Amino acid sequence: MKLLYEGIIFLTYISICASLIRSRLSPKAARCTVGLVLAAIILLQAVLLLAGQDETLVLTMLPVTAYLPFSVSLYLIAGYGFVQTMTVWEFGVFAVFILQIWKKILITRLAMVIPFPYDDLLTGLLLLLSAGLLVYVSRRFLRKPFSSCMEKKRTDWLIIFLPILVCLLLFSYFINSAVNLTVLILLLLNALFIFLIAIRLISSYASAERMKQTEQRMKDQMNRQFREYEAVIKSVESGRIYRHDMRHHLLVLEGLADQSDLEGIHRYIDKLQGRLLDTEHEVYCANSTVNAVLSPYIRQAKEDGCAVTAQINLPDTIPFDEMDVCMILANALENSIHACRRLSKEQDRYIHMKVELRDAYKLIISIKNPVDLPLVMDEDGVPVTGESEEHGIGLKSIRVIVDKYDGFFQCKCDALVFCFQAALFGEQQTKTDSVQERGPRKIWKKLIAAFGTSAVALVFFAGSMSVAALAQVGGYGENLRVYGKLFHVGWGDTSFRVDSPVVEQTGVYIDAAPSGTEDTETPSSEAEDTDVSLSGAVSIQKPLLGIGDTQAPLSGTGGTQTPPSESVGKDLTEGVDEMNRQIELFLEEAKERFLWYAHRKYEGYVQSDITWQTLRDDEALLVVRVEDTINAGGSGQYSRCFILDKKSGKMLELKDLFLEGSDYVEVISAEVLKQMTQQQQSGQGNYFIPGSIWGEEDWFREIAEDQNFYINDRNRLVIVFDEYEVAPGRMGMPEFVIDTGVLQKILKRPSVIS
């Protein structure tokens with residue numbers, strides 16, 4: 001069912017992103033590209049599952065194996081810039097967060113009241129319905145205003161991008177942290193409310209932009225109508241004057257007729273016809289508004305020597321905003337006139353225009369004109385004109401109007417003939433008008449009333465991701481100092497915190513003579529190989545996990561005594577370096593263990609907390625224990641003890657305590673098993689041993705050759721196991737003190753064990 005849930009959420013992301021993006025490719029090419037990418041994503045998931053990968057691991061990797069490839073392919077086919085495309089991704093991810101929170105609520109709540117497997121079926125159904133609702137809201141209320149906003153200048157869509165990004169970061173922090181049902185419900189309400197507010201803000205912004213465009217179009221239309229009105233007044237005045245002078249014209253013609261001057265009569269009539277043309281007002285269609293726009297442009301074209309043919313088939317009323325139709329015709333005709341003016345020969349200039357209303361709701365516009373040079377179309381279908389913007393502005397304005405009516409337009413240039421074609425669909429506009437007038441206001445009021453009653457506070461956190469480097473003195477022993485460094489990184493409840501020990505030497509013999517001698521002179525060879533300060537102290541330290549070198553002695557578990565200014569003791573440089581190296585290796589193992597859980601967590605959190613303590617620090621041994629507690633739904637503890645023999649200056653391993661060739665593993669294992677059996681029989685413990693309730697495959701058989709151990713302050717060997725290694729979790733990390741008498745025959749001499 002987890003795969004089904006994630007499939008529904010991923011399809012929601014795809015649907016919302018696809019509805020908001022504007023492809024630079026043709027619709028067919030875009031569909032093929034997206035289809036191939038989705039097929040590859042599905043195939044990859046199938047391969048991972050068939051290869052035996054854990055289902056939880058596959059789901060955890062979905063952001064890399066599914067969301068990332070689809071998002072990259074979306075950017076490659078998008079007609080937007082990078083940040084604009086990221087805004088599309090943000091809305092998709094916002095929907096994903098909403099569904100993820102809703103899914104956790106359903107799983108948590110339904111499991112309490114509905115028996116398995118009906119709870120899974122109901123969860124899947126409710127998740128599917130919720131996903132469909134989000135896609136519907138996005139397509140219905142966000143798609144068109146979003147497209148309009150993306151066409152605007154950069155500062156406009158940055159205002160949209162940045163707040164949504166901040167909200168996404170906030171939810172990405174909390175989405176895996178919250179497990180309480182009340183907190184999840186509050187997060188869901190916040191996510192829904194912010195998502196709807198973002199849609200509303202974009203819709204309001206797009207509406208304001210449309211109002212500005214409408215206002216500008218009205219001004220342009222009024223100017224054109226005023227010019228047309230002046231032309232009509234001029235023609236009416238010319239007609240009145242012509243009628244007034246008709247009596248004189250008739251007398252002139254009568255005189256010429258009496259003289260039988262036919263040639264004179266023809267010349268005079270030609271002059272009268274020319275004046276008569278000035279009194280005519282051309283009518284191209286029944287719609288007065290469209291006719292008022294066409295008249296001045298066609299007249300201008302004719303004055304520029306263009307042969308104009310206009311087939312305009314429009315009724316007096318059309319199912320479109322007349323201003324929108326006039327804007328398309330005006331911009332297209334103006335571009336055609338400019339193109340014709342660039343032709344040197346007037347006989348080559350022409351404009352063929354056809355405007356037709358089909359089926360009472362389809363408006364088809366076609367305009368052809370010659371051009372002086374071949375035109376190249378850009379990715380938006382607009383002619384590339386170099387530095388000139390004559391075509392670009394007009395055609396982009398046309399695109400906005402065409403998109404408003406869910407129509408289309410295209411530009412072609414074949415054999416030096418430019419062709420502009422556009423189509424508008426009136427039914428879609430009527431539906432849109434209905435939505436604009438009735439839908440949004442009522443729906444938004446209901447949504448705000450539903451979610452606005454929930455008073456939810458979004459509290460930003462300080463130090464969501466923090467890295468700290470602190471130093472802490474753990475104590476001073478003979479010639480050695482142990483201090484800790486803190487490293488912490490986290491997001492939400494997922495965190496990796498390391499308080500790691502660092503060992504440094506505070507003093508050495510100036511004379512590196514063998515132990516037991518009284519010679520205090522310093523050989524020159526030793527002086528050359530050792531970095532000795534004036535006080536005789538050597539500082540050896542290695543930062544761990546990239547932590548800085550900042551050190552500040554603080555009170556620690558080992559006391560706060562001041563180190564001596566001059567120490568006398570053996571040079572432990574090699575052992576100290578080895579100890580720090582082994583500590584680093586354990587920390588790397590802990591980091592890999594943390595990442596393993598984090599990569600497979602799918603949902604929830606992973607925490608790793610590493611601490612240390614000094615078990616022993618005297619003239620003989622330095623024993624430091626490092627523990628890693630990892631919590632990934634359930635907790636587990638791991639530890640490693642590091643032992644430095646100050647007399648030999650070397651790190652001790654378990655095999656170093658025993659004679660070469662001795663079977664120390666068998667001896668110690670037998671003693672550990674004996675103690676386990678005794679504790680279990682007395683009711684003091686529970687271990688994975690024969691005779692218990694645990695299966696044979698879990699039984700403890702023997703320790704490892706490099707088993708974790710330490711030497712306690714009584715010089716006894718202590719064997720240490722990790723949690724769940726030999727016992728249930730309630731036993732923690734079991735320890736077994738080995739009686740020295742058991743080891744007498746196999747111990748090396750002299751021995752640190754007594």
Side-chain angles (χ1 to χ4, degrees), residues 473-484 500-533 535-544 558 561 563-587 612-626 640-660 664 706 708-718 747-754:
V473 174
Y476 290 96
E478 185 176 344
N479 309 318
L480 295 178
R481 180 175 71 130
V482 184
Y483 64 92
S500 59
V502 180
V503 183
E504 75 171 11
Q505 187 169 359
T506 59
V508 297
Y509 272 130
I510 301 303
D511 180 4
S515 176
T517 66
E518 300 296 329
D519 190 359
T520 58
E521 296 182 4
T522 304
S524 60
S525 60
E526 286 293 319
E528 292 175 357
D529 295 337
T530 308
D531 182 12
V532 183
S533 65
S535 62
V538 176
S539 178
I540 305 169
Q541 54 185 343
K542 293 180 119 179
L544 302 180
Q561 66 186 83
S565 59
E566 185 172 348
S567 301
V568 178
K570 189 174 183 63
D571 185 359
L572 304 177
T573 302
E574 182 179 349
V576 167
D577 285 347
E578 178 63 18
M579 191 171 193
N580 284 325
R581 188 187 69 82
Q582 290 190 18
I583 292 174
E584 287 187 47
L585 291 176
F586 177 74
L587 295 177
W612 65 278
Q613 58 179 320
T614 302
L615 299 181
R616 178 174 175 178
D617 188 4
D618 51 32
E619 69 282 354
L621 298 175
L622 170 64
V623 181
V624 177
R625 178 169 177 165
V626 182
R640 187 72 55 82
C641 298
F642 304 93
I643 305 170
L644 176 62
D645 185 355
K646 295 184 179 181
K647 294 182 179 179
S648 66
K650 295 181 179 180
M651 290 287 295
L652 292 181
E653 297 182 11
L654 186 59
K655 64 182 180 180
D656 297 332
L657 304 178
F658 305 100
L659 297 172
E660 186 175 353
Y664 67 91
D706 59 346
N708 192 22
F709 77 100
Y710 67 90
I711 310 297
N712 63 18
D713 53 6
R714 299 179 62 187
N715 295 328
R716 299 290 182 89
L717 174 64
V718 182
L747 286 175
K748 279 185 179 180
R749 301 296 179 179
S751 176
V752 294
I753 297 177
S754 62

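Quantities reported herein were computed from a predicted structural model and do not represent experimental measurements. We count residues from 1, following the sequence as given.
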side-chain contact (heavy atoms from CB on, under 4.5 Å) evaluation trace for Asn715 with Ile753: CA-CA 5 Å; Asn715 295 328; Ile753 297 177; 5.6 Å; no
With side chains defined as the heavy atoms from C-beta onward, is the minimum distance between Gln582 and Met651 less than 4.5 Å? yes
Criterion side-chain contact (heavy atoms from CB on, under 4.5 Å) on Leu659 and Leu747, from CA distance to verdict: CA-CA 6 Å; Leu659 297 172; Leu747 286 175; over 6 Å; no
Any chance you could lay out the side-chain contact (heavy atoms from CB on, under 4.5 Å) test for Asn580 and Val502, step after step, and finish with the verdict? CA-CA 6 Å; Asn580 284 325; Val502 180; 4.1 Å; yes
Can we say Arg581 and Glu584 salt-bridge, meaning some charged N sits less than 4.0 Å from an Asp/Glu carboxylate O? no
Distance check, rounded to the nearest 0.5 Å: Ser751 atom OG versus Leu717 atom CG? 9.5 Å
Tell me the closest heavy-atom pair linking Arg616 and Asn712, and the distance in Å. NH1-O, 2.6 Å
List the atom of Pro501, the atom of Ile583, and the distance in Å for their closest heavy-atom pair. CG-CD1, 3.8 Å
Worked verdict on Val624 versus Leu622 for side-chain contact (heavy atoms from CB on, under 4.5 Å): CA-CA 7 Å; Val624 177; Leu622 170 64; 4.1 Å; yes
Does the pair Arg481/Asp617 count as a salt bridge with the N-to-O cut at 4.0 Å? no
If you look at every heavy atom in Ile643 and Met579, which pair is closest and at what distance? N-CE, 4.4 Å
Minimum side-chain heavy-atom gap Asp713-Asp618 below 4.5 Å: no
Hey, what's the ring geometry for Phe586 with Phe642, parallel, tilted or perpendicular (30° and 60° as the breaks)? perpendicular
Please give me the minimum heavy-atom distance between Tyr483 and Trp612, naming the atom from each residue. C-CZ2, 3.8 Å
Can you tell me how far CG of Leu654 sits from OH of Tyr710, rounded to the nearest 0.5 angstrom? 14.0 Å
Quick one: pull up CG in Leu657 and CD1 in Ile711 and give me the separation to the nearest 0.5 Å. 5.0 Å
Rounded to the nearest 0.5 Å, what's the gap from NZ on Lys748 to CD on Glu660? Could you check? 7.0 Å
Can you tell me if Asp577 uses its side chain to pair, donor with acceptor, with the backbone of Glu574 under 3.5 Å? no
If you take all heavy atoms of Asp645 and Leu621, which pair is closest and at what distance? CA-CD2, 3.8 Å
So which heavy atom on Cys641 is nearest to which on Phe709, and how close? CB-O, 3.0 Å
